Amino acid sequence: MNRSFHPLPTLLLALCGLGAAAPAQAESFLVHSQEEYTAASKRVQAGDTIILANGTWEDFEVRFTGEGTADRPITLTAEEKGRVVLSGQSNLRLSGRHLVVSGLVFRNGHTATSEVVAFRTNKENLAFHSRVTEVVIDGFNNPERSETDFWVVMYGQHNRFDHNYLAGKSNNGVTMAVRLDSADSLENHHRIDHNFFGHRPVLGSNGGETLRIGTSRYSLEDSFTVVENNYFERCDGEVEIISSKSGGNVFRGNVFFESRGTLTLRHGNDNLVENNVFFGNGVDHTGGIRVINKRQTVRNNYLEGLTGSRFGSALTIMNGVPDSPINRYHQVEGALVRNNTLIDSEHIHLAAGSDAERSAVPIDSRFLENLVFNNDGRDPFSVFDDISGIEFDGNVANPVDAPALETGFRRSPVKLERSDSGLLYPVGDAFADIGVPRGLPVLSRNQTGPAWFTKPAQRREFGSGETRPVPDRADLARAVAGAGPGDVLQLTGRHYLAEKVLVIDKPLTLKAADGVRPVIEFERNTLFEIADGGSLRLEGLRISGGSAPDVAGNTLLRTSRYSMLNNYRLHLVDVEVVDLNVNHSFNVLTVSRSTFADEILIEDSTFQNVTGAVLELNRETDDLGLYNAEYVTVRNSEFEDIGEALMVVYRGGTDESTFGPHVLVSDNQLHRIGLSTRNRAGASMLLHGAQQTRIFGNRFEDSRGILIEHTVGEPRTRIEGNAFIGTPAPEVSGDPATVLDNTLAPGRDS
Ligand code: CA
């Protein structure tokens, strides 16, 4: 007997409560090291089990192979589920038949290969009739945000991925993919069920899908993958939550909670989308279902509170490209959209994407017995081309003045009430056959993921922790280091001097106590550095750069110089910033590449004598669709003598996979902005590739102009009600959707 591991009789294990009923000769191997695992893995036969001992397994690349049978699978599991952690450069590959893996946790590391869990050991050896269940992959990210890897990839056929927890994927690459890249992976009949797909933060480029099935290349093949009863919570990576790129798939009974983007039937035919529930709760860019290709069925889906538009609408039926190449848009033909309920959702777009290339309108399609109701009375429908190829019948919608669709709708007020399951239904049975059926099951969060794993609470908000007073002249670095996530450092004194860079690695607020306006000065070239995991809110403070070193390129705030996996938030509210001018190019915020802000907010604040820029968000210069911030908002603030730009925002590239950047600048007073000879932007604001821009109610005086470069997507820019005094008019270059209406009279005082 090999003494490096411990085969235990099944009977003994059964007595210990670890084994299941199995034939007497089945063996269990409890292993404590990678060497013991390797030895055991060479011996396992049908019915056997390998048990990883509790603890942390560092740099463990698990290869799990074997030939089990339906009655006697080969199992790899944990001594106690959840207490076996694979960290460092670890991953799992399995191939063979009737294999089961359960109970493992991937945390504190990343895969050195391109996959964390792969249903194959190499191109020749795939998994069949195998199952991965109750596995946790938690923030198991390559530390370099732009490096691509996938967390789970299914190959082979008849495999199941169920009751797993996947959350926090922050680097490039889809969270989970089903591949159809060989004959043995076609018509695979995989099941993906009862998984919890947790928060996937905005990636800020293409490649942030949560689930992709197939690729355009094999998209006319059938996959027959069933995606059932999964929970998608804030899966915000990019415009596609799910990208179905193959035929014969079923998406049933899933919940999409506050997830930006849509379930997209991107390529492939004969897919079924039914009994799903979408709750947008009014969150930006929450969408529903996008229909492309032939014979797609969309029925009994419930969609509420979705704000998305264009390709991200609650429901989108696309135009196609005549004789489309495999990777473009195939015409919609034979679609059935029936008995869906769409409530308080802003947009339903039909023949969407119609243009010179996408000219093939939907044909032979039906839109029947849907309930479309908006309490605010607005009409969600927009029609972009000939939709005579869609038959509308038996639908009910709220009355509107000039409906986009005339026939096939009964226009009626509908009184709605919320059922115990959380869905809104018409009161009474007048509309019983319209919309989703009564009693549509709504999956709950706790029906998904491993039963033993407690899903973490939502993110820590500013101010969610304790309030900690910081007395006059106290050591700020110590106070910052000692605070917990969500804490508020309440500055009760009048003066603070930071001798060290204050490194912010958790959500933290620095706030003036009532009745004081504390002054912070700093002696290093940076006051605050936002590190990975950090977010910062400053409130009621005065910050002076007067004690900063006399060198070029100081900055009040900076991000980590290294790739940051966690998106950050930065709030400056009621803050006075003065004298960032001891040398040239002294910025308020300087970012590094591979960092991404979910939100930057400047509000009710003043800035005086800054030799550099206020917000320099232009470090992703490879034109690959990356950028540095999703929402940039500056309002009700005053800026005076800012040498470089108020903001530079750069989003290069030509893909349309992102919703942002969004820029809002309103009700500010700006004097002498951007006049420094070092202002390479040549403007007071330079926005390149921003998707949504609103600039209104501002007064620009003796400043450089605003330059806006539309480069990709359908950018929307509104510049209204501003005064430009001694300042050139805004210049907008590139494509459409611009409103330039500066009605505020020059010289008007406000
Ligand atoms: Ca995509």
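Predicted model, so just to flag it, every value in this text is computed and none were measured. Read the numbers this way: they start at 1 and go in the same order the structure lists the ligands and their atoms.
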Under 3.5 Å: donor-acceptor pair, side chain of N230, backbone of N195
yes
Distance check below 3.0 Å: does N206 bring an N, O or S atom to the Ca ion (ligand 1)?
yes
Start with the C-alpha gap between N327 and S216, add the side-chain angles, then the distance that decides, and say whether side chain to side chain donor-acceptor pair (under 3.5 Å) holds.
CA-CA 5 Å; N327 65 343; S216 60; 5.6 Å; no
The Ca ion (ligand 1) is nearest to which N, O or S atom of E240?
OE1
Check whether any N, O or S atom of E209, backbone or side chain, sits closer than 3.0 Å to the Ca ion (ligand 1).
yes
Please name the residue in the list V332, V273, T316 that meets the side-chain contact (heavy atoms from CB on, under 4.5 Å) test with L265.
V273
List the steps, then state whether side chain to side chain donor-acceptor pair (under 3.5 Å) holds for N566 with S170.
CA-CA 7 Å; N566 292 283; S170 308; 5.0 Å; no
